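Below: one structure, written as structure tokens.
All chains are named by letter (A, B, ...) in the order of the sequence lines, taking the proteins before the strands, and each is independently numbered beginning at 1. Note that the coordinates shown come from a computational prediction; the quantities given were computed from them, not determined experimentally.
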Protein chains: 2
Amino acid sequence: MGTRASIPDIVIGRLPIYLRALGRMIQEEREYTSSHELGERLGISSAQIRKDLSHFGEFGKQGTGYNVQYLYEQIRHILKVDHEWPMAVVGVGDLGRAIAHYRGFQARGFRVAALFDADPKLLGERVGNLTVLPMDQLAAETQRLGIRIAMIAVPAAEAQAVADRLIEAGVTALLNYAPISLAVPEGVHVQYIDPAAHLQHMTFYLTP
Amino acid sequence: MGTRASIPDIVIGRLPIYLRALGRMIQEEREYTSSHELGERLGISSAQIRKDLSHFGEFGKQGTGYNVQYLYEQIRHILKVDHEWPMAVVGVGDLGRAIAHYRGFQARGFRVAALFDADPKLLGERVGNLTVLPMDQLAAETQRLGIRIAMIAVPAAEAQAVADRLIEAGVTALLNYAPISLAVPEGVHVQYIDPAAHLQHMTFYLTP
DNA sequence: CTACGATTGTTATGCTATTCACATTTTCCC
DNA sequence: GGGAAAATGTGAATAGCATAACAATCGTAG
């Protein structure tokens with residue numbers, strides 16, 4: 001198809017998984033793959049992979065499969081991670097520090113470009129190669145650096161207020177590590193990371 | 001209903017979200033709530049919340065809604081988090097440390113009970129109130145402590161091998177922080193935490 | 001040069017999940 | 001005490017997603 005007439009969000013959510021697997025195949029110097037092989041690695045049916053990709057174009061060759069490098073580049077382009085996005089991290093506790101030090105973002109299209117915290121004791125401290133900035137510099141600094149994405153790593157009680165300030169500063173994509181659902185206006189995207197929620201999902205299936 | 005004849009997994013996945021919101025309502029000392037109010041907070045339709053809950057029983061009262069504390073306890077029971085699950089963390093880098101220090105698990109039914117790492121330089125080091133143990137004590141220690149859940153916080157290249165060892169030791173629920181899909185046998189549950197994947201999901205919707 | 005095996009993209013089918021809509025019940029206020 | 005307002009639980013209707021299946025195409029081996 002290729003016409004982007006409302007592609008299901010659930011399909012978009014799988015593209016990063018495909019990208020992840022393709023990245024590993026590149027490391028393994030595999031030149032070609034198939035929907036069947038990809039599906040096997042990911043625990044997804046080959047039909048679903050072909051169907052998902054068909055929303056964006058024709059990337060394979062019948063009889064041969066997909067050129068790994070080519071498909072990788074195409075998906076990077078679709079997801080707009082063929083260039084690097086600068087991000088802000090708000091909250092420089094244990095979690096914020098772990099995020100700031102994480103080396104895995106760069107290869108996947110992201111870079112932590114600014115750190116903010118409300119605690120005066122942390123201001124000016126260096127974490128990685130960044131200096132912790134006060135919250136009242138949030139708007140100015142995100143705009144100066146062209147930041148459109150932020151990660152929220154503050155306690156649940158403060159997360160909504162932080163989100164509000166980020167949105168006011170022009171941030172439109174939030175990755176929220178605080179265990180609370182955020183209310184955001186139309187046009188702002190939120191994703192959640194809540195380890196305890198994932199764990200509770202699994203305990204349902206465990207015998208006590 | 002209440003008969004647990006194959007409840008959709010996607011319903012189970014929403015229960016922790018409901019629980020999270022109910023927990024906050026308890027903090028706010030709210031005594032009653034409704035499917036409408038809950039849905040508003042979570043960005044979910046009230047019909048869906050009622051339908052989800054109806055898989056497990058009747059917890060509300062017409063005209064009144066749900067007693068917050070009661071519904072909270074009921075869902076905790078359904079998810080089996082009305083008692084504490086001991087967990088292992090494998091990989092004591094920045095991420096593993098942040099997980100080990102995280103204070104949020106206890107209130108939601110979990111406790112980090114053991115730390116493992118393959119790096120000899122880390123062995124014996126104390127993190128929080130735990131000592132880092134070598135990988136060859138993994139089976140003995142998890143069995144001694146009755147651990148059924150583990151969090152994998154090692155580089156992607158080692159995650160599959162670590163998962164294999166954990167499963168061999170009797171662990172049946174894995175929370176994988178490494179950016180790689182794991183192959184596991186029937187009966188073992190896996191959940192993934194991949195911040196970069198969430199970020200890539202959102203960049204699709206951002207204008208470049 | 002031809003026949004076969006492999007694999008795609010896509011259409012058709014079936015299944016799953018969500019929303020709608022309402023009978024029923026409860027509370028509250030006049 | 002009675003009627004209006006609020007809310008649940010659920011069967012029916014709708015929408016969305018995943019799987020199956022196949023015609024078309026490609027590469028290869030004989």
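Put simply, A/Q48 has a side-chain N or O that comes within less than 4.0 Å of OP1 or OP2 on D/dA18. An OP1 or OP2 oxygen of C/dT19 is reached within less than 4.0 angstrom by a side-chain nitrogen or oxygen of B/S45. Checking the phosphate oxygens (OP1, OP2) of C/dT8, a side-chain nitrogen or oxygen of A/S35 falls inside 4.0 Å.
The two residues A/V132 and A/F116 make their nearest non-hydrogen contact at CG1-C, 4.3 Å.
A cation-pi arrangement, defined by a distance under 6.0 Å to the six-membered ring centre and an angle within 45 degrees of its axis, is present between B/R20 and A/Y192. Both tests do not hold together for B/K61 against B/Y66: distance to the six-membered ring centre under 6.0 Å, angle to the ring axis within 45°.
Here C/dA17 presents its P atom at 19 Å from CZ of B/R50, a figure rounded to the nearest Å. Remark: P of C/dT26 and CG of B/N67 are 16 Å apart, rounded to the nearest angstrom. Between the OH atom of B/Y66 and the C1' atom of C/dT25 there is a distance of 13 Å, given to the nearest Å. Summarising the geometry, the separation between CG on B/D52 and C1' on C/dA17 is reported as 10 Å, rounded to the nearest angstrom. Per the geometry, CG belonging to B/L71 stands 9 Å off P belonging to D/dG9, to the nearest Å. Atom-to-atom, CZ of B/F59 to P of D/dG9 comes out at 9 Å; the value is rounded to the nearest Å. Here the P atom of nucleotide D/dT10 and the CG atom of B/L53 are 11 Å apart, to the nearest Å. The nearest whole Å value for the distance from the CD1 atom in B/I7 to the P atom in C/dA17 is 12 Å.
For A/I10, whose side chain is taken as the heavy atoms from C-beta onward, the closest listed nucleotide among D/dG27, D/dC17, C/dT26 is D/dC17. Counting only heavy atoms from C-beta on, B/S54 has its side chain closest to D/dT10 among D/dT10, C/dT27, D/dA18.
Comparing A/I44 and B/A47 by the nucleotide of DNA chain D that holds the closest heavy atom to each, the one mapping nearer the 5' end is B/A47. Both B/S46 and B/K51 sit near DNA chain D, but only B/S46 has its closest nucleotide nearer the 5' end.
Side chains of B/D52 and B/Y18: a donor on one and an acceptor on the other come within 3.5 Å.
Within a 6.0 Å radius of CD in B/E28, other residues, nucleotides and ligands contribute more than 12 heavy atoms.
If you check distances only, the side chain of B/Q62 does reach the base of D/dT8 with a donor-acceptor pair under 3.5 Å.
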